[in-house]
Amino acid sequence: MKIPVGILGATGTVGQRFVERLAEHPWFEITALAASERSATRPYAEASRWRLSSPLPERLASMKVAHVADELPCRAVFSALDAATAREVEPLFARRGAFVFSNASAHRMDDDVPLLIPEINPDSLDVLERQRAVRAWKGSLVTNANCSTIILAMALAPLDRAFGVERAFVSTLQAVSGAGYPGVPSLDILGNVIPDIPEEAGKIEREVAKILGGARDATARRAPLVLSAMTYRVPVEEGHTESVSLGLGRKARADEVETAWQDFRGRDDVAALPSAPARPVLYVRERHRPQPRRDVHAGDGMCATVGGLQPCPVLDWKFTVLGHNTIRGAAGASILNAELAVSKGLLS
Ligand SMILES: NC(=O)c1ccc[n+]([C@@H]2O[C@H](COP(=O)([O-])OP(=O)(O)OC[C@H]3O[C@@H](n4cnc5c(N)ncnc54)[C@H](OP(=O)(O)O)[C@@H]3O)[C@@H](O)[C@H]2O)c1
């Protein structure tokens, strides 16, 4: 018996990725699709205007879209709602007893809410005990980070474990699909680069510290690193590229840094999850890599691809990292979180 799940914001950019990746999932079965009043009561094919290159799964094309405030026939929901809607709607589901896996920023920084990347901080699920006690919820809320944060954290975590990351600069080059649909007007972005994506830099700076900090005594901690982020929207369809310079706690040679990335694995129980990539971080030696067009689908979209390691004259090292924003940075990340909850016996 598969676990019945719903998707909130199912018609949007991330919602469609959830549909694609859950349609044939070995553990979960989509039993509800929900969105705004604009979509409610319409068949999913009509409301979603399917935009992915894979075909819309036939079974779901005729499913009637519910409104996100409706009671849905599912034990878990994957939320791809904007932050303002998520702030209201996600607690309703957790209160009613559902497990909520959220992509929205509304609750990410709360101390009793896991900000989970299973390969990095699987023990952050321990804070759920406190969450249920404090909020008197029958269900639970687990979040994944901002798309750029996840990709950056995956590149930093192996180096933090091996040498300590004390400070870093990051500049992001973010794909247009990261702004949702219809997103950035084409006349603004074609042949152009737009600096300073609203609220993005602060999210990256805060969230990386929470992810690398892990959890102790059922409370989320903050890593002491100092991080400065600049963000840019670029005319790329999928894949966020990030340019990183960092200072380490302990000096490391280039081969040690490369080995830290190549040897990085999640715990055995995480590596065995259906959506876990064989290697979460791929290091490419070839010059001029990674590139969105060539590398964004590495590991079925679940890998962070790192390349271009060079000494940094200001800090210690600089490099480029790339990841798929709607898969590893959103839907794929949430599904991996849900798989970990199942494997730990928290969701059945
Ligand atoms: N795009 C990415 O790469 C990415 C990556 C990581 C995280 N995220 C986060 O994921 C969330 C969704 O992003 P997206 O890019 O998928 O956005 P999107 O394409 O604009 O989709 C938004 C979804 O939310 C629904 N919605 C909008 N207003 C609503 C309301 N008032 N009540 C109920 N439902 C409402 C829409 O339904 P209708 O179709 O009915 O309007 C649609 O299903 C956001 O929090 C975003 O920050 C996005």
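Numbering starts at 1 and runs along the sequence shown. Computed from a prediction, not measured in an experiment: that's the story for all the values here. First listed ligand is number 1; within each ligand, the first listed atom is number 1.
In this structure a side-chain-to-backbone donor-acceptor pair under 3.5 Å is present from Trp317 to Ala252. Between the Asp316 side chain and the Leu248 main chain, a donor and an acceptor come within less than 3.5 Å of each other. Remark: the backbone N or O of Ala83 is not paired with any side-chain donor or acceptor of Ser105 at under 3.5 angstrom.
Atom numbering of ligand 1 starts at 1 in the shown order; those under 4.0 Å from a heavy atom of Val68 are 33 (C). Short contacts between ligand 1 and Arg38, defined as distances under 4.0 Å to a heavy atom of the residue, involve ligand atoms 27 (C), 28 (N), 41 (O). Ligand-side atoms of ligand 1 in range of Thr85: 29 (C), 30 (C), 31 (N), 32 (N), 33 (C), range being under 4.0 angstrom from any heavy atom. Residue contact check: Ala330 has heavy atoms under 4.0 Å from atoms 5 (C), 6 (C) of ligand 1. If you number the atoms of ligand 1 from 1 as listed, the ones under 4.0 Å from a heavy atom of Ala104 come out as 45 (O). The contact set between ligand 1 and Thr11, taken as ligand atoms under 4.0 Å from a residue heavy atom, comprises 36 (C), 37 (O), 38 (P), 39 (O), 40 (O), 42 (C), 43 (O).
A parallel orientation is assigned to the rings of Tyr283 and Trp261, their planes being inclined by less than 30° (bins at 30° and 60°).
For the side chain to side chain contact (heavy atoms under 4.5 Å, CB included) with Leu141, the qualifying choice from Pro114, Ser102, Ser79 is Ser102, the only one to do so. The one candidate from Thr149, Leu156, Ile150 that meets the side chain to side chain contact (heavy atoms under 4.5 Å, CB included) condition with Leu152 is Leu156.
Nearest protein heavy-atom neighbour of atom 3 (O) of ligand 1: Asn325 ND2, 3.0 Å. Shortest contact from atom 12 (C) of ligand 1 to any protein heavy atom: Ala80 O, 3.1 Å. Of the protein's non-hydrogen atoms, the one nearest atom 4 (C) of ligand 1 is Val14 CG2, 3.5 Å. Nearest protein heavy-atom neighbour of atom 6 (C) of ligand 1: Gly329 O, 3.2 Å. Summary of contacts: the protein heavy atom closest to atom 7 (C) of ligand 1 is Asn103 O, 3.8 Å. Counting protein heavy atoms only, atom 34 (N) of ligand 1 is closest to Ser36 N, 3.4 Å. Nearest protein heavy-atom neighbour of atom 17 (O) of ligand 1: Gly180 CA, 3.8 Å. Residue, atom and distance of the protein heavy atom nearest to atom 11 (C) of ligand 1 are Leu81 O, 3.3 Å.
Look at Arg233 and Asp188 and you find no salt bridge, because none of the NZ, NE, NH1 or NH2 atoms lies under 4.0 Å from a carboxylate O. Electrostatic pairing of Arg328 and Glu119 counts as a salt bridge here, judged by a charged N lying under 4.0 Å from a carboxylate O.
Within 6.0 Å of the CZ atom in Arg293, the count of heavy atoms belonging to other residues, nucleotides or ligands does not exceed 12. For CD of Glu256, the number of neighbouring non-hydrogen atoms (other residues, nucleotides, ligands) closer than 6.0 Å is greater than 12. Around the CZ atom of Arg216, the shell of radius 6.0 Å holds no more than 12 heavy atoms that belong to other residues, nucleotides or ligands.
Protein heavy atoms are found less than 4.0 angstrom from atom 44 (C) of ligand 1. Under the 4.0 angstrom criterion, atom 21 (O) of ligand 1 counts as having a protein heavy-atom contact.
Atom CZ of residue Arg75 and atom CZ of residue Phe28 lie 10.5 Å apart, to the nearest 0.5 angstrom.
For a threshold of 3.5 Å applied to N or O pairs, the pair formed by Gly12 and ligand 1 contains at least one separation below that value. The shortest N or O to N or O distance between Ser105 and ligand 1 is not below 3.5 Å. Any N or O atom pair closer than 3.5 Å counts here, and Tyr181 shares at least one such pair with ligand 1. The shortest N or O to N or O distance between Ala145 and ligand 1 is not under 3.5 Å. The shortest N or O to N or O distance between Ser39 and ligand 1 is below 3.5 Å.
If you look at Ser177 next to ligand 1, the close heavy atoms, those under 4.0 Å, all belong to the backbone. When non-hydrogen atoms are compared, ligand 1 lies under 4.0 Å from the backbone of Asp82 as well as from its side chain.
A donor-acceptor contact under 3.5 angstrom links the side chains of Glu20 and Ser54, judged on distance only.
With Tyr181 as the aromatic partner, Arg51 meets the cation-pi criteria of under 6.0 angstrom to the ring centre and within 45 degrees of the ring axis.
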